[in-house]
A.B. asks: 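Submitted below is the structure of interest, expressed as structure tokens.
Chain letters run A, B, ... following the sequence lines, proteins first, then strands; residues in each count from 1.
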2 protein chains.
Amino acid sequence: MGRATMQDVALRAGVSRALVSLVMRNSPRVSPQRRAAVFAAATELGYRPHAMARQLASRDSTVLGVLVSDLHNQFFADLVDGVDQAAHEQGFSLLLQTGQRRAAREEQVIDTLLSFSPAGLVLLGPVVATRIMAAAARQSPVIAVTRSCRHPDIDTVTDDSEAGARLAVAHLAGLGHRRIAHLDGGNGAQAALRRRGYRAAMAEAGLAPLIVRSEYTETGGVLGARALLSSAPETTAVFCSNDLNAVGAIAELEDHGLQVPADMSVVGYDNTALAALRHVSLTTLHQPRHEMGRLAVELLLDRIRGNRDTVARLQLEPTLVVRKTTAAPRSAATAAARAVDGAATSPKREVSA
Amino acid sequence: MGRATMQDVALRAGVSRALVSLVMRNSPRVSPQRRAAVFAAATELGYRPHAMARQLASRDSTVLGVLVSDLHNQFFADLVDGVDQAAHEQGFSLLLQTGQRRAAREEQVIDTLLSFSPAGLVLLGPVVATRIMAAAARQSPVIAVTRSCRHPDIDTVTDDSEAGARLAVAHLAGLGHRRIAHLDGGNGAQAALRRRGYRAAMAEAGLAPLIVRSEYTETGGVLGARALLSSAPETTAVFCSNDLNAVGAIAELEDHGLQVPADMSVVGYDNTALAALRHVSLTTLHQPRHEMGRLAVELLLDRIRGNRDTVARLQLEPTLVVRKTTAAPRSAATAAARAVDGAATSPKREVSA
DNA sequence: CTACAAGGTTGTCGCGCTCCAATCAATAGA
DNA sequence: TCTATTGATTGGAGCGCGACAACCTTGTAG
């Protein structure tokens with residue numbers, strides 16, 4: 001099944017190989033007759049330009065290398081989808097590998113991707129050291145999504161997680177909650193920012209923060225909620241590190257006989273498809289995942305095409321999506337009283353799950 | 001940032017370009033000294049073999065083209081993950097594009113993938129005409145997952161959806177249900193098989209089938225459940241086309257004041273992460289998605305390496321995962337009585353949503 | 001009739017690499 | 001000493017294509 005080459009098409013159309021090349025690249029300097037003849041010959045032979053040979057010869061690639069941390073996470077799957085859309089529109093193809101949240105593997109994957117001389121590299125939620133990313137950036141433009149890093153050669157797209165956390169706290173406090181806990185994202189990307197935003201917002205509202213160590217998983221939510229109930233049962237609202245975590249927390253709360261939102265309000269983060277399910281209907285912070293993927297590609301292409309040589313750090317504002325897992329506490333007055341009490345006796349509490 | 005080539009390494013190591021090539025390909029016919037010298041020069045220059053040039057020259061590819069129908073669907077994201085794992089282990093990279101469930105787009109994507117002369121093509125849930133796949137198969141080995149097609153050049157990996165449907169019905173009938181409906185998957189992949197299995201199992205159990213037209217989405221589940229409640233309120237159990245559909249159905253049932261499983265048992269299909277959530281805890285049929293992805297790659301590589309020249313049609317057996325959305329009907333006796341009644345008055349019912 | 005331009009078309013080189021025949025060195029056998 | 005034999009190394013052709021200068025047309029102005 002030897003595939004047809006330009007030479008074959010040229011022979012069949014009775015022209016030179018160079019002319020076929022011009023036709024395939026839509027050069028305007030070709031007469032209509034020749035063009036038609038070439039196209040005819042090409043379709044007859046089932047000719048298809050050889051992308052790799054083309055890129056080798058022209059020295060510019062139409063491939064974007066994509067490192068995605070984990071496709072099991074809906075959040076990243078959506079990012080990839082956005083990246084794919086934008087890339088497809090611009091005529092780029094994706095060379096994709098998963099990093100499994102392991103730095104060593106990510107390093108290897110980046111190496112493999114670079115061996116294809118891609119036009120650029122898109123890193124979705126990388127955990128690898130900045131040093132490695134910087135090294136890659138010397139071979140090919142790099143953009144990191146959901147990973148803020150301060151290197152001058154690496155563009156980034158993130159959401160303003162600190163602002164998101166503030167929105168969550170403001171929403172809950174606005175409903176009358178005083179005992180608002182946070183199940184955090186541990187060492188995960190953006191987790192530190194969400195913690196910081198939570199702390200700041202709580203302080204500004206004159207409330208005592210309570211951070212429970214957790215992680216970006218359902219199990220993390222289950223364990224976090226369990227720890228919370230045993231150590232601070234007076235809590236009336238919890239801001240979870242992401243949607244998955246929130247769903248786990250809700251399950252655990254319900255197992256303990258608590259009703260959401262009557263007994264406990266819950267806020268997630270990401271607004272994944274999960275949160276939108278009517279059966280879940282989670283109040284959460286929306287990150288425009290699809291849009292983030294698109295923007296990453298656009299920024300990368302700007303860099304590739306030389307339209308920009310300064311670093312880009314795009315930070316998107318999350319928005320609050322109110323659904324059915326948040327409500328005023330059973331008695332706002334009671335909750336307020338307990339909060340004052342709690343703040344007086346323990347201005348700062350930390351629990352580990 | 002001109003990247004180093006073999007020539008550069010050769011010069012630096014004081015050997016010929018051909019020797020560098022041998023070293024890079026781990027040829028045993030190289031003396032240890034030269035090998036060391038080449039490696040040293042390579043690392044000093046930050047040399048990395050150019051994958052595309054290599055594939056052009058060697059005429060064999062280390063790239064697998066992947067067409068995935070839709071990454072928003074967790075099911076396919078998991079498949080891709082399995083494919084990625086297996087490919088990575090075998091030293092292959094994935095060139096991935098999404099088809100958006102649109103035949104025209106899929107056709108275009110296949111064309112793009114083929115232009116890279118991939119070692120093989122993995123089609124995950126394609127909706128494109130078999131004719132197009134067959135044409136692709138003449139350029140490169142093709143395997144389709146979750147899409148049975150009878151073409152002699154196209155390998156397939158599917159689950160035995162007919163058997164899965166039978167398991168679902170058997171489970172529900174075993175619990176004492178008599179009025180068991182099916183929200184189907186419309187024109188989706190495997191939907192016809194699930195319908196057939198449902199019909200057969202119902203007939204064997206002496207029960208009257210009730211198929212509600214639906215689709216593989218949450219909204220489909222919502223609408224399907226609504227149609228079901230208005231047209232056949234005596235139903236006590238429903239077998240949904242997939243998990244997403246089931247979750248939509250559950251939400252709608254709850255909105256109507258019905259409790260799951262007390263008033264209505266629900267079975268899904270796929271056993272996605274969604275079903276495993278404690279808050280959902282859906283009884284469903286497990287498809288080993290990750291494993292299916294792996295197997296697809298393995299079968300494809302067999303073909304690529306010439307270890308097999310006959311068509312492979314792997315059909316995996318789904319297994320029932322019982323969770324908390326199924327139980328015996330409130331009164332098995334009553335349900336049975338109603339079933340007999342219903343079967344007598346309307347041996348075959350169909351409803352459209 | 002020549003000069004010139006502009007539109008078309010072609011030959012050739014090289015992208016970075018693999019592959020293979022050819023070469024060379026060193027040792028073993030006659 | 002003169003081949004074989006083996007092992008290590010090299011030059012060169014070619015993978016399919018793009019870039020570019022050179023080359024042919026025609027047509028038009030001088």
A.B. asks: Compute the bend angle of the helix from dC1(C)-dG30(D) to dA30(C)-dT1(D) from the end axes (five pairs per end), rounded to 10°.
C.D. replies: 70°
A.B. asks: With salt bridge (charged side-chain N to carboxylate O under 4.0 Å, His left out) as the rule and sequence neighbours excluded, what pairs involving residues 47-71 of chain B come up?
C.D. replies: Asp111(A)-Arg48(B)
A.B. asks: Show every donor-acceptor pair shorter than 3.5 Å between a side-chain atom in residues 290-298 of chain A and any protein atom, with sequence neighbours excluded, or say none if there are none.
C.D. replies:
residue   : atom : partner  : partner atom : Å
His290(A) : NE2  : Asp81(A) : OD2          : 3.2
Arg294(A) : NH2  : Glu89(A) : OE1          : 2.7
Arg294(A) : NH2  : Glu89(A) : OE2          : 3.1

A.B. asks: Does a side-chain N or O from Ser21(A) land closer than 4.0 Å to OP1 or OP2 of dC17(D), or not?
C.D. replies: no
A.B. asks: Quick check: does any side chain N or O of Ser21(A) sit under 3.5 Å from a backbone N or O of Arg17(A), one acting as donor and the other as acceptor?
C.D. replies: no
A.B. asks: Residues of residues 53-61 of chain B with any non-hydrogen atom less than 4.0 angstrom from an atom of DNA chain D: list those, numerically ordered, please.
C.D. replies: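 Listed by number, they are Leu56(B), Ala57(B), Arg59(B).
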A.B. asks: Do we see a donor-acceptor contact under 3.5 Å between the side chains of Thr62(B) and Gln55(B)?
C.D. replies: yes
A.B. asks: Does Asp8(B) use its side chain to pair, donor to acceptor, with the backbone of Thr5(B) at less than 3.5 Å?
C.D. replies: yes
A.B. asks: Are any side-chain N or O atoms of Arg289(A) and backbone N or O atoms of Asp270(A), one a donor and one an acceptor, separated by less than 3.5 Å?
C.D. replies: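 Yes; at least one donor-acceptor contact below 3.5 Å.
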A.B. asks: Quick one: list whatever passes salt bridge (charged side-chain N to carboxylate O under 4.0 Å, His left out) with Arg313(A), sequence neighbours left out.
C.D. replies: none
A.B. asks: Only counting residues at least two apart or in another chain, list the ones meeting salt bridge (charged side-chain N to carboxylate O under 4.0 Å, His left out) with Arg35(B).
C.D. replies: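 Partners of Arg35(B) by the salt bridge (charged side-chain N to carboxylate O under 4.0 Å, His left out) criterion come out as none, since no residue qualifies.
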A.B. asks: Kindly write out the residues that satisfy salt bridge (charged side-chain N to carboxylate O under 4.0 Å, His left out) with Arg308(A), not counting sequence neighbours, or none if the list is empty.
C.D. replies: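 Scan of Arg308(A) (salt bridge (charged side-chain N to carboxylate O under 4.0 Å, His left out), adjacent residues dropped) gives Asp155(A).
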A.B. asks: For chain B and DNA chain C, what are the first and last nucleotides along the strand, 5' to 3', with at least one atom under 4.0 angstrom from a heavy atom of the protein chain?
C.D. replies: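 Result: dG16(C) to dC19(C).
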A.B. asks: Give the B/S/- string for nucleotides 4-10 of chain D, one per nucleotide from 5' to 3', where a protein heavy atom under 4.0 Å of the base yields B, of only the sugar-phosphate yields S, and otherwise -.
C.D. replies: ----SBB
A.B. asks: Using whole Å, what does the distance between atom P of nucleotide dC17(D) and atom CE of Met52(A) come to?
C.D. replies: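 Met52(A) atom CE is separated from dC17(D) atom P by 13 Å.
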A.B. asks: Sequence neighbours excluded, which residues qualify as salt bridge (charged side-chain N to carboxylate O under 4.0 Å, His left out) partners of Arg105(A)?
C.D. replies: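 Partners of Arg105(A) by the salt bridge (charged side-chain N to carboxylate O under 4.0 Å, His left out) criterion, ordered by chain and then number, come out as Asp84(B).
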A.B. asks: Just wondering, are more than 12 heavy atoms of other shown residues or ligands nearer than 6.0 Å to CG in Asn307(A)?
C.D. replies: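 Correct, the count exceeds 12.
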A.B. asks: Show me, pair by pair, the donor-acceptor contacts under 3.5 angstrom made by side chains of residues 116-136 of chain B, not counting sequence neighbours?
C.D. replies:
residue   : atom : partner   : partner atom : Å
Ser117(B) : OG   : Arg3(A)   : NH1          : 2.4
Ser117(B) : OG   : His50(A)  : NE2          : 3.4
Thr130(B) : OG1  : Arg147(B) : NH1          : 3.4

A.B. asks: For the pair Val145(A) and Val83(A), evaluate side-chain contact (heavy atoms from CB on, under 4.5 Å) and give the outcome as yes or no after the intermediate values.
C.D. replies: CA-CA 11 Å; Val145(A) 181; Val83(A) 168; over 6 Å; no
A.B. asks: Hey, could you give me the CG/CD distance between Leu193(B) and Gln315(B), rounded to the nearest 0.5 Å?
C.D. replies: 7.5 Å
A.B. asks: For Gln7(A) and dC15(D), give me the distance from atom CD to atom P, rounded to whole Å.
C.D. replies: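 After rounding, the reported distance stands at 10 Å.
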A.B. asks: So which of residues 87-97 of chain A are in contact with DNA chain C, with a heavy-atom cut-off of under 4.0 Å?
C.D. replies: none
A.B. asks: Any sub-3.5 Å donor-acceptor pair from Gln97(B)'s side-chain atoms to Leu113(B)'s backbone N or O?
C.D. replies: no
